[in-house]
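Okay, structure first, notes after.
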Amino acid sequence: MSFDELGLQAELLRAIDAQGYTRPTPIQAQAIPVVLQGRDVLAGAQTGTGKTAAFTLPVLQLLSGRERRGKAPRALVLTPTRELAAQVGESVVTYGEHLALRSTVIFGGVGINPQKDALRRGVDVLVATPGRLLDHAGQGTIDLSAVEILVLDEADRMLDMGFIHDIRKVLKLLPRQRQNLLFSATYSDDIKRLADGLLHQPALIEVARRNTAAQTVTQHVYRADKDLKRDLLIYLIDEGNWFQVLVFTRTKHGANRLAEQLNRAGIGAAAIHGNKSQGARTKALAGFKDGSLRVLVATDIAARGLDIDKLPHVVNYELPNVAEDYVHRIGRTGRAGESGAAISLVGQDEVKLLKGIQRLIKRDIEVLPVPDFVPKVLAPPPPKPAKQPAGGRNKGKRGSGKPPGRQGQARGNAAADTAKAPTRRRRRPAKPASGNAR
Ligand code: AMP
């Protein structure tokens with residue numbers, strides 16, 4: 001099967017060619033022809049399957065063949081997260097390079113005025129997160145009455161994130177007559193209900209069976225309790241010379257703390273989660289993609305939909321509470337036929353979660369013996385800025401500016417190695433040299 005056989009127009013084939021894609025992925029081969037026929041689609045496909053192009057390409061073709069009557073958007077793509085919206089927006093620009101269609105992306109956390117300007121100028125394809133879209137609707141800065149095609153991307157995650165009411169509000173603003181495409185990695189009852197109310201005789205497309213991890217991903221477990229995890233992770237990254245590692249933690253605070261500790265071990269890291277400003281998230285993601293940041297520490301929601309080419313390593317620093325999230329997490333690696341490794345650090349208190357995951361994926365994950373290693377001595381935390389009052393917001397518990405002593409480090413899952421050799425540690429540079437650029 002080649003792209004030529006899918007009925008795509010020359011302008012799109014040129015853009016596909018420029019991306020270096022030689023063959024359509026299974027979801028593309030199945031979805032593109034039916035979307036071009038104008039049918040509704042219910043597609044079960046995860047990130048990494050090529051689903052974005054599977055809806056973007058035919059949507060662009062349909063719009064470019066139809067007359068534009070005003071400036072209001074004719075296709076609306078709803079996504080759960082800002083990152084996914086930005087990535088879909090990029091794909092629309094990439095694939096639509098040779099077409100005279102306009103697109104824009106709107107999401108929260110950034111100024112609303114440039115978005116209003118873009119909408120005023122006119123948009124064919126609008127990619128949006130539900131909350132900010134409704135803000136625009138409330139302010140009367142968007143007209144959704146011309147939407148001919150609606151795409152719900154990662155609909156399951158939108159429901160997980162509590163967007164169902166927002167989605168229903170958006171639906172009320174759309175014309176009744178339209179084409180609907182719903183993409184979801186899983187089919188819960190809620191998704192079925194949403195699909196039943198939304199889709200008309202949809203084509204059902206399912207690729208990479210639900211809850212099946214990509215075959216190209218090797219999965220392993222290290223049994224490690226809290227105090228060992230950080231040192232083991234640093235050892236594995238250093239020893240294995242891992243250069244691009246996505247690490248999952250359960251909490252935002254845990255993500256921040258781990259990123260800081262990795263930096264002190266000389267491993268460039270940044271945390272990405274919902275409390276970070278959009279600017280910080282974009283910067284972290286860009287650094288991670290271009291190789292200047294070796295580790296991205298993320299919570300599940302922030303990582304959802306991240307598209308990073310050929311991600312070689314995913315680490316579950318903590319297992320997710322919901323077994324299906326494990327499948328989503330490791331779906332970040334081994335993409336588009338590349339091989340990848342998924343490592344989970346599993347404490348005694350997580351054994352039950354591990355069993356749940358193994359039941360879901362219908363296989364046991366091999367447990368590797370924890371290697372013998374000497375924990376790396378961390379650099380002291382960077383000195384606090386002088387203007388900050390003692391007991392500042394983030395690190396008050398650790399004293400004001402002094403290198404942490406034995407008690408200061410004993411909290412949480414900070415391992416004991418920093419406390420073992422405080423004098424030696426002080427002589428080390430604040431940012432030890434490491435193989436990667438920072
Ligand atoms: P997605 O599932 O949409 O997030 O896409 C996953 C990745 O696959 C993206 O990096 C795409 O650029 C890439 N991709 C999409 N379609 C193809 C294709 N036909 N051949 C190779 N890579 C592709």
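Order of appearance sets the numbers: ligands from 1, and atoms from 1 within every ligand.
Taking only non-hydrogen atoms, the option from G50, P24, A53 nearest to atom 1 (P) of ligand 1 is G50. Relative to atom 13 (C) of ligand 1, the option among Y21, F3, Y95 with the closest non-hydrogen atom is Y21.
With ligand atoms numbered from 1 in the order given, ligand 1 contributes 17 (C), 18 (C), 19 (N) to contacts under 4.0 Å with heavy atoms of T25. Set against the non-hydrogen atoms of T52, the atoms of ligand 1 under 4.0 Å away are 1 (P), 3 (O), 4 (O).
With no hydrogens or angles considered, a side-chain donor-acceptor pair links Q139 and K116 at under 3.5 Å.
Classification of D189 and K192 as a salt-bridged pair holds, one side-chain N sitting under 4.0 Å from a carboxylate O.
The aromatic ring centres of Y317 and F248 sit 6.0 Å or more apart.
Residues in residues 143-153 take part in these side chain to side chain donor-acceptor pair (under 3.5 Å) pairs, two or more places apart or across chains: K51-D153, R66-E148, D143-S145.
Among L62, L63, T56, the single residue meeting the side-chain contact (heavy atoms from CB on, under 4.5 Å) criterion with V59 is L63.
Contact annotation: for R23 versus ligand 1, heavy atoms closer than 4.0 Å belong to the backbone alone.
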